[in-house]
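Residues take their numbers from the sequence shown, with the count starting at 1.
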Amino acid sequence: MCSIMGYEGSAVPTEDFIKGFDETKSRGPDMSRVVDTGGGIMAFHRLAIMGLDETGMQPFRFGGLYLVCNGELYGFRKTKRELEAKGYTFVSDSDCELILPLFCEYGFDMFSMLDAEFAMIIYDSEKKRIVAARDPFGIRPLYYGYDREGEIVFASEPKNLVPICKGIMPFPPGHYYADGKFICYRDISTPRAKSDDGVEEASAKIHDLLISAVEKRLDSDSPVGFLLSGGLDSSLVCAIAAKHSQKPIKTFAIGMSKDAIDLRYAKEVADYIGSEHTEVIITERDAIEALPDVVKLLGTFDITTIRASVGMYLVCKYIHENTDLRVILTGEISDELFGYKYTDFAPSPEEFQREAEKRVRELHMYDVLRADRCISVNSLEARVPFGDLAFAEYVMSLDPKIKMNVYGKGKYLLRHAFEGDLLPRDILMREKAAFSDAVGHSMVDCIKRYAEEYYTDAEFEEKRAAYDYSAPFTKESLLYRELFERFYPNCARMIAGFWMPNRTWEGCDVDDPSARVLSNYGDSGK
């Protein structure tokens with residue numbers, strides 16, 4: 001990961017700008033640079049992944065254009081050769097150096113052409129114009145706010161903007177900003193075409209597209225590692241990578257010291273694929289003590305996001321402190337595409353599809369946010385194969401009738417796509433366990449118990465009444481909200497609300513976001 005910040009204006013003192021920018025130095029600890037563009041400021045903290053020497057340092061400049069980009073452009077070497085054939089020259093091996101020549105060639109159409117995860121800011125010193133853009137899933141973070149004169153400021157995280165801006169909001173995924181407007185260039189939640197493929201044809205294409213998505217994300221000049229929970233999604237990513245790697249991959253699993261669900265399944269997968277596997281064991285005290293750091297790094301008050309982030313943050317902290325890895329592949333975005341446990345209750349294919357589209361549109365505030373922050377705060381880069389644009393667009397284009405759980409097994413298409421010897425069958429068909437529960441049921445239970453003891457009933461009622469937006473509804477949610485307000489005062493509207501199952505569906509009217517409370521959870525927690 002890297003950290004970017006850009007501004008066209010003069011109302012923010014440079015020292016205040018730099019102070020805010022340095023809040024995310026852990027995203028890019030290798031090298032920092034702040035440049036006066038003549039009309040504003042562009043800043044970059046670098047985590048070197050592609051093109052490791054100083055020639056890959058940003059901001060890049062091309063004529064009167066300046067660029068800072070936190071991104072990975074997949075297949076960039078072919079594109080680079082095509083640009084060189086047109087007469088462009090490059091000084092580094094960085095993939096992001098291609099962006100300004102591409103912008104010169106294609107203008108705003110460039111954004112929809114990129115096979116990439118990115119957040120970028122471009123300043124045109126000749127036209128005195130700032131442009132910003134974010135990938136369709138929002139895998140790479142970008143936020144914006146306004147200075148005291150109403151000029152827009154862009155940055156990787158809200159913590160960059162809190163000292164200098166008001167009205168901080170997430171930059172909408174799949175949009176670019178230019179001339180005062182946000183313009184959608186690609187809505188990944190709404191497929192551009194419908195597919196009539198049946199189960200067998202769809203499974204075959206899912207198989208090939210996911211393998212391609214994993215393979216392209218193995219391209220790195222820095223060492224690559226993998227988070228392995230033992231669930232379907234991370235196990236598939238790891239197994240595909242192991243099959244296409246020259247040497248054993250490095251996998252990491254985390255669990256509570258007494259009741260972790262995932263550790264034994266992760267070890268089974270690691271043994272099967274021959275990975276160099278590490279188990280990270282945590283205690284209830286570790287989980288409680290991590291909460292302030294987790295809420296600060298996340299910038300959210302959402303219950304399920306915070307719960308799931310505790311284990312992810314701590315395993316990534318271990319990786320940062322004990323290895324030389326720089327890139328981490330994860331299994332996020334599968335559930336939004338193929339369904340959660342609660343989507344088993346969808347009353348119709350149309351409702352299933354609407355829910356998937358909603359989750360895809362909002363996931364930059366939930367699971368994608370969690371993966372980015374837990375990994376980047378530990379000076380690592382997240383790559384998300386299930387967020388591959390070709391893969392995701394195909395899955396979203398399928399008839400929801402064949403994506404629903406009409407097979408007695410959720411996410412059947414994905415499981416069926418990889419039947420064979422890639423994974424043990426018990427792993428391939430294992431029921432999904434919520435990650436925060438799978439780290440250990442005791443972790444969530446101890447956090448809830450801690451919150452119950454932290455507030456009296458009277459304190460809870462009094463304090464929750466102070467919030468008119470996404471008001472806390474349990475003592476645990478009040479604990480998170482108070483921590484959030486400590487670090488991000490008056491910024492709650494950055495988050496759409498609490499991630500919860502669709503409570504309008506029969507079987508989903510629950511008061512806790514964990515799948516553990518659903519009637520169909522069954523063997524998921526075993």
Side-chain angles (χ1 to χ4, degrees), residues 227-235 251-270 277-295 297-298 300-319 331 335 340-342 366-367 370 374 427 430-455 460 472-483 498-501 510-526:
L227 299 185
L228 175 58
S229 71
L232 174 66
D233 307 325
S234 66
S235 297
T251 55
F252 298 83
I254 189 165
M256 298 292 286
S257 54
K258 60 181 180 180
D259 65 347
I261 299 170
D262 277 355
L263 287 180
R264 67 179 183 272
Y265 295 110
K267 186 177 186 307
E268 180 182 352
V269 174
H277 188 60
T278 300
E279 293 184 347
V280 179
I281 308 299
I282 59 174
T283 65
E284 291 183 2
R285 180 176 179 180
D286 294 329
I288 295 296
E289 290 182 347
L291 286 177
D293 289 340
V294 166
V295 174
L297 70 91
L298 289 173
T300 189
F301 52 80
D302 178 59
I303 300 166
T304 191
T305 304
I306 294 169
R307 287 177 180 175
S309 293
V310 172
M312 195 171 201
Y313 164 65
L314 290 173
V315 70
C316 291
K317 185 172 185 287
Y318 175 91
I319 293 170
D335 292 335
Y340 292 86
K341 292 296 292 185
Y342 82 87
Y366 303 106
D367 279 9
R370 165 173 57 86
C374 291
I427 297 294
R430 181 190 167 202
E431 291 290 344
K432 177 178 174 59
F435 178 61
S436 54
D437 289 336
V439 169
H441 281 158
S442 63
M443 188 193 79
V444 172
D445 293 341
C446 85
I447 293 174
K448 293 169 75 171
R449 186 168 58 250
Y450 173 80
E452 287 293 330
E453 295 170 355
Y454 191 82
Y455 301 104
F460 168 65
F473 58 95
T474 64
K475 291 181 180 179
E476 180 191 11
S477 63
L478 176 61
L479 175 66
Y480 298 156
R481 184 60 175 271
E482 291 200 321
L483 286 170
F498 295 105
W499 191 103
M500 293 288 288
V510 294
D511 293 322
D512 190 289
S514 173
R516 204 199 314 180
V517 302
L518 298 173
S519 62
N520 66 335
Y521 196 55
D523 291 337
S524 300
K526 297 179 182 178

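Under a 3.5 Å cut-off, the side chain of Ser514 and the backbone N or O of Val517 do not form any donor-acceptor pair. Under a 3.5 Å cut-off, the side chain of Thr305 and the backbone N or O of Asp302 do not form any donor-acceptor pair.
The existence of a salt bridge linking Asp512 and Arg307 is confirmed by a sub-4.0 Å separation between a basic side-chain nitrogen and an acidic carboxylate oxygen. Here Glu476 does not pair with Lys448 in a salt bridge; the nearest charged N to carboxylate O distance is not below 4.0 Å. The existence of a salt bridge linking Glu431 and Lys341 is confirmed by a sub-4.0 Å separation between a basic side-chain nitrogen and an acidic carboxylate oxygen. The pair Arg285-Glu289 counts as a salt bridge, with a side-chain nitrogen and a carboxylate oxygen less than 4.0 angstrom apart. Of the charged side-chain nitrogens involved, none lies within less than 4.0 Å of a carboxylate oxygen, so that Arg264 and Glu279 do not count as a salt-bridged pair.
At a threshold of 4.5 Å between non-hydrogen side-chain atoms, the residues Met443 and Glu284 do not count as touching. For the pair Leu479 and Tyr450, the minimum side-chain heavy-atom distance is below 4.5 Å. Between Val439 and Asp262 the shortest side-chain heavy-atom distance does not fall below 4.5 Å.
For the residue pair Tyr455 / Glu482, a side-chain donor-acceptor distance below 3.5 Å is found, with atom types taken as modelled. Between the side chains of Ser257 and Thr283, no donor N or O sits under 3.5 Å from an acceptor N or O. With no hydrogens or angles considered, no side-chain donor-acceptor pair links Ser442 and Asp445 at under 3.5 Å.
In this structure, Tyr313 OH and Ile282 CD1 are separated by 11.5 Å, a value rounded to the nearest 0.5 Å.
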Q: Could you check Met256 against Ile281 for side chain to side chain contact (heavy atoms under 4.5 Å, CB included), going step by step and ending with a plain yes or no?
A: CA-CA 6 Å; Met256 298 292 286; Ile281 308 299; over 6 Å; no
(Q) Does Ser477 form a side chain to side chain contact (heavy atoms under 4.5 Å, CB included) with Ile303? I'd like the steps, not just the answer. (A) CA-CA 6 Å; Ser477 63; Ile303 300 166; 3.7 Å; yes
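Contacts of Asp293 classified as salt bridge (Lys or Arg N to Asp or Glu O under 4.0 Å), with partners at least two apart in sequence or in another chain: none.
Pairing each heavy atom of Arg430 with each of Gly231, the nearest pair is NH1-N, 3.4 Å. Residues Ile427 and Glu268 share a closest heavy-atom pair of CD1-OE1, 3.7 Å. When all heavy atoms of Val269 and Ser235 are compared, the pair lying nearest together is CG2-OG, 3.5 Å.
For Tyr454, the OH atom is loosely surrounded, since the number of other residues' heavy atoms within 6.0 Å does not exceed 12.
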